[in-house]
Structures are given as structure tokens and as C-alpha cells.
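Excluded from the calculations below are hydrogen atoms, water molecules and symmetry mates; all remaining heavy atoms, backbone and side chain alike, are included. All values derive from a computational prediction rather than experimental measurement.
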Amino acid sequence: MPQITVDHSPRLTDTLDRAALATALHALVVEGSGSRGTCKTFFRAATETYVVGSEHADVPVVHVEVALLPGRSERTMTRLSQRILALLLEHVGAGAGDDVVCSVEVRPLAAYSLYPVRREFSATTGSRPEHRGCTPAA
């Protein structure tokens, strides 16, 4: 059930092919993390971005955050982060210019809840849910 968020500078709104990036990200994240769930992706254009120390005033920034159910090794998350960064650089394209700053964070989800609960295998408990619907907090 990976949660993917892509934050980007407003300058990239017209040049970043979000649909193509989402499709490629989904395939990479599922394969690279061993996830069996459906990726959910949010694209957010920031109203303002700043890169302190840059020689240019309008440096475009893209940050991808991938949150996964717990249980992946640090090595798996690091390798996935590196692969996503390479993919991101391919998709940012010429519209961003040479000075674009790209970053990726892959982390485990904490205190995650989901509705509706799927009847498939649960990666966190190793079992199948008894029912469909909201699961009350403990």
C-alpha cells in the first residue's frame, strides 16, 4: 500500500508529465519494495520553493516521498530511493534546466490506517482481515 507524494516547484507544473511519472513510479515502487498493494500518488505544486546557496533565483525543486508498510530493510529502502532518483531525473526533462534539485525519501509508515480494508493478505500482521470496513484504533 505505498503512499507516494511528489512535491515540485511551480515552474515544473507545465513541463513535468505527472501521469507518465506516476505510472513509472508505481511499477518501480511495487517491484522494488515487494509490495502487493495499490500505490496512491499525490502531486503537489508548491506555491514557493527556495534553494539557499544557489546562484540562481528560480531553481526548480522536486522531492519524492515514498511511505511503505514497515518491514523493509534499510538496504531495500536505500536501493529503492536511488532507483527512484534515477527515474525522477529521466522524467524531469529539459524543461527544468540543469540546475534542478531532486531528492527522494523512502520511509516506513507509522500508525497507518486504511479504509476500506482489503480481504487480501496483510503485510503487517501476516493474516487476512476478518471483515471489511474501518478498523478501530487500539
Contacts under 3.5 angstrom, residues 25-34 side chains, donor-acceptor by atom type, not counting sequence neighbours:
residue: His26; atom: NE2; partner: Thr41; partner atom: OG1; Å: 2.6
residue: Glu31; atom: OE1; partner: Arg83; partner atom: NH1; Å: 3.0
residue: Glu31; atom: OE1; partner: Arg83; partner atom: NH2; Å: 2.8
residue: Ser33; atom: OG; partner: Val29; partner atom: O; Å: 2.6
residue: Ser33; atom: OG; partner: Ser35; partner atom: N; Å: 3.2

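Remark: Leu16 CG to Leu88 CG distance equals 7.5 Å, nearest 0.5 Å. We find the CD1-CG distance between Ile4 and Leu68 to be 8.5 Å, quoted to the nearest 0.5 Å. Rounded to the nearest 0.5 Å, atoms OG (Ser103) and CG (Asp7) are 9.0 Å apart. Taking NZ from Lys40 and OG1 from Thr5, the interatomic distance works out to 11.5 Å, rounded to the nearest 0.5 Å.
By the side chain to side chain contact (heavy atoms under 4.5 Å, CB included) test, Thr76 is found to be paired with Arg72, Ser73, Arg79, residues two or more places apart in sequence or in another chain being considered. Ala46 is linked by a side chain to side chain contact (heavy atoms under 4.5 Å, CB included) to Thr49, counting only residues two or more places apart in sequence or in another chain. Among residues two or more places apart in sequence or in another chain, the side-chain hydrogen bond (donor to acceptor under 3.5 Å, both in side chains) test is passed with Arg75 by none. Residues forming a side chain to side chain contact (heavy atoms under 4.5 Å, CB included) with Glu105 (at least two apart in sequence, or on another chain): His63, Glu65, Arg107. By the side-chain hydrogen bond (donor to acceptor under 3.5 Å, both in side chains) test, Asp17 pairs with no residue at all, sequence neighbours left out.
Counting heavy atoms from C-beta outward, Arg18 and Thr13 have side chains that approach closer than 4.5 Å.
The main-chain N or O of Ala19 is found under 3.5 Å from a side-chain atom of Thr23 such that the two form a donor-acceptor pair.
When all heavy atoms are compared, the tightest approach of Val62 to Val6 is CG1-CG1, 4.0 Å.
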